[in-house]
Structure formats: C-alpha cells, structure tokens
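In what follows, a structure is listed as structure tokens, so that the remarks can point back to it.
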Amino acid sequence: MSPKYIEIISQNLLLLCLVVLGIGQSFIFASLPPIGREIGLTDVRISTLITVGAAAFVVAAFMWGGIITRLGRVRSVIIGIACYAVTIVLTGVVLEEALAQNISAGHAYYWVFALRVIFAFGIAGVLPSIQAYLVAHSDVTRRSGTIAKIGASFSIGMILGPACASLLSNFGLTAPFYIIGFVAAVVCLLVVFFVQDSQDVRQFSKPPRLNWLTQPVMPFLLMSVLAILSVTGVQQIMGFLIQDRFHLDVSETTKQVGVAMMVMSCLSIFVQMILVPRFQFGVVFLITTGVSLGLTAQFAFLFLNSYTGILVAMGLFGAGFGFLFPGILTAQTLLVKDDQQSRLASVNASMQGLGAALGPVTLASLYQVGIHVPFIFLALGLVFIISVFQLCRKRLLSPS
C-alpha cells in the first residue's frame, strides 16, 4: 500500500473520529434529561451533569498540549477515544442500575458526575491531536480546506447525536450509551491498526513555557471564543425568539426550531465540507466573507419578521460561520511554529469550550433585556472581529 494511500485512510479515519466525538457530545442532551427524571434527579442536578463536562473540557484541553507532544498525536487520539468508549458505556451501566433501583438516585448522580469529568478529560485531547495531525500532513496552500473538514465532521456528529439517541432509545432508555460506546470502541481499534503518523516527532523534554497573552496568535484565539459564543448563543435563544415572535405552543415551537437549526447546520456543513476544500479560499477571503454573511444574518434577524425570514437568517448565519471558523483556525496555524501546533490546538480547544459555556447564558441574558439586543450584540462582535483582523493582517501575511 502506497504511503499516499495510507495517509488518505489515516486522515479519513481521524475525521470519522470527529464525527463520533460530535455524537458523544450531543446525544447526551437528548438522553440524559428523561433518564435523570425517571430515576428521581432534579432538573438542576441533571443540568450540572452536563455543565461539569463542559467545565472539565475547558481545563483539560489547555493541559493536553504538552501531553500530546510527549505521547504523540495518534496515541493521544487512541487514549481519548478509548476513554470516551469506556466512560459512555459505564454511564449507561450506572443509569441502568438506577432505573432498576439497584442503586439510589444520589449514588447514581455522583457516579455519573465522576464519569462525565473523566469523559471530558479524555476527549479534550482528541480534537487538538487530530488538528495537529492534519495540519502537519497538509500543504500550507490547502490548509484552509483541511481545517474546514475538521469543523464539518464535528458538526455532522453534533447533528447525528440527538437523532441517534432518539432512534436507539427504542431498544431501551440506556441503549444509546452502549451502542454509541461500542461504535467508539470500533473506531478506536481502526485508529490503532490503520492510522500512521510518519511526521510525528515526540518531545520528551519539557517544552518552554509560552505566555499566550503575548503571542501574535492571541487575537485569533479571542476570535474563536467570540465565534463559538455566537453560535451556541443563537442556538440557545432561537426557541425563545420563534415562540415569542409567532406565539406558538411548545410542540409547534420545537418543530419550527428544529427546522431552523437544520438549515443553519446544513449550510455550515456545505460550506466547510464542500466549498472551502474545493476552492481552497485564503484566510482573508474566509474571514471577510464570513463576517459579511454574519452581519447580513443579524440584519435579517432584526428586520425580517416572518418565519421564512428566520430561515433565511439562520442559513446566512450558518454559511457565514462556515467560512469564519476555518478562516480563524487557519490564521492561527500560520502564526505559530510547527512544533507548537499541538499546544496551539489545545489552547484553541479550551478557548472554544469557554465560548460554548458562555454563549447560552450571555445571549439568554441579553434576550431578557430586549428581543433585538442579542443580535445587535452579535453584529458588534462581528465588527470587532473584522476590525481586529485588519489590525493583525500584516502580521498574518508576514508572520515572524
């Protein structure tokens, strides 16, 4: 088998890991609440089980950079996916025991709490490892397309997660945990046997400490926070907006929100999986186009009051961030040395986790101030991104 063919297989398997990772991150939102209520947990406790995973991810992702440089990129992926598979299955076991009343709801809560922390610490190393691998195995001129596939693969998994939970729950409330854990284990074995990293150079000595606040890449890390905050925030308030604007009941609101989310996700995936890899757009085009479409989406949210207008706005929003995400990440990779890519990917994953945690509460709070306030905030955020980009553009095009 030729080295080029092996590399193609390796890259596709790692992208499959990201799909599975997205499923594991999102199916829990659909599976855990009804099971938690069934075993007697309060809604607050159920929410903390999801929140603790996000908080642990932010901390762990920052730590994984140095670990990846010592263990190697592929080993880090294997450890992360193996941790994913084991903790998901064990979570299913604990919940099944609680449903059978073999353990109390309180004991189940603490067991699941611990497993969610371990799960987050494990998977926090997967995305940075895969990003560093794909960057190392891609030509600079084609880097934006490679990075776009990272975002698209994870987004596909995030969409499939709730659907998998809904379908697999027909076999039992805890069936999604076992089946998704099994799929993760199979993917892990495929990585063990088929993924090779000929360009990985492990560093056993402790790398010099970096003050990321003084690095040229720092403005683009802040852009990552703001971009993820925007997407998760819009997902949070869309149900409020549609119900308030059209005076719908809960059932109809859920259906309309689902369609709107699907439009946003499909446009984002289309841009990242098809357009960016096909045309290999440069950083300047990606960021300026992403901001332009994002701003247009905010005006659509503000001034198009029909449901069709909401769908147009969500489509523009998804497409805009489909351009913006790979633009920001590509810019980051161009501003650091090759031996710093793993640490950069870890810091960026941590920053994105922070944005994901802040987004829902930030935009939901702004929505309470006024129905239009979140979209004005997002428009100002996009103006901030393009302004900072223009200030950093010379350094980006001629990195030191």
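- Atom CG in L344 sits 6.0 Å away from atom CG in L221 (nearest 0.5 Å).
- Side-chain atoms of M63 and V59, non-hydrogen and from C-beta on, do get closer than 4.5 Å to each other.
- Side chain to side chain, T333 and Q131 fail the donor-acceptor criterion of an N or O pair below 3.5 Å.
- A donor-acceptor contact shorter than 3.5 Å is absent between the side chain of N12 and the backbone of I9.
- In this structure, R73 CZ and L134 CG are separated by 9.5 Å, a value rounded to the nearest 0.5 Å.
- Between the CD atom of Q256 and the CZ atom of R245 there is a distance of 13.0 Å, given to the nearest 0.5 Å.
- The ring-ring contact (aromatic ring centres under 6.0 Å, His included) search around F325 returns F321, not counting sequence neighbours.
- When each of L115, V117, I123 is checked for a side chain to side chain contact (heavy atoms under 4.5 Å, CB included) with F119, only I123 meets the rule.
- I68 and P128 make their closest contact through CD1-CB, 3.8 Å (heavy atoms, listed as atom of the first residue, atom of the second, distance).
- Here Y178 sits in one hydrophobic cluster together with V89, V93; the rule is ILVMFWY side chains under 4.5 Å apart, joined directly or through other members.
- If you take CZ on F220 and CG on L335, they are separated by 6.0 Å, rounding to the nearest 0.5 Å.
- Every pair passing ring-ring contact (aromatic ring centres under 6.0 Å, His included) that includes a residue from residues 332-377 is listed here, sequence neighbours excluded: F240-Y367, F301-F375.
- Between V234 and L363, the shortest heavy-atom contact is N-CD2, 3.7 Å.
- Legend: residues meeting ring-ring contact (aromatic ring centres under 6.0 Å, His included) with F154, ordered by chain and number and at least two apart, are absent.
- When the shell of 6.0 Å around CZ of F246 is examined, it contains more than 12 heavy atoms from other residues, nucleotides or ligands.
- Screening V94, L90, V52 for a side chain to side chain contact (heavy atoms under 4.5 Å, CB included) with V112, the sole residue that qualifies is V94.
- Counting heavy atoms from C-beta outward, I269 and Q272 have side chains that stay 4.5 Å or more apart.
- Taking the six-membered ring where the residue is Trp, the centroids of F285 and F279 are separated by 6.0 Å or more.
- Cation-pi contact between R116 and Y84: absent, since separation from the ring centre below 6.0 Å together with deviation from the ring axis within 45° is not met.
- Using cut-offs of 30° and 60° on the angle between ring planes, the pair F299 and F303 is parallel.
- Tracing side-chain contacts under 4.5 Å through hydrophobic residues (I, L, V, M, F, W, Y), one never reaches I179 starting from L167; they form parts of separate clusters.
- When the side-chain contact (heavy atoms from CB on, under 4.5 Å) test is applied to I78, the partners found at least two apart in sequence or on another chain are V74, C188, V191, V192.
- Here OG of S306 is found 8.0 Å from CD1 of I310. Values are rounded to the nearest 0.5 Å.
- Note on residues 332-356: no pairs pass ring-ring contact (aromatic ring centres under 6.0 Å, His included), not counting sequence neighbours.
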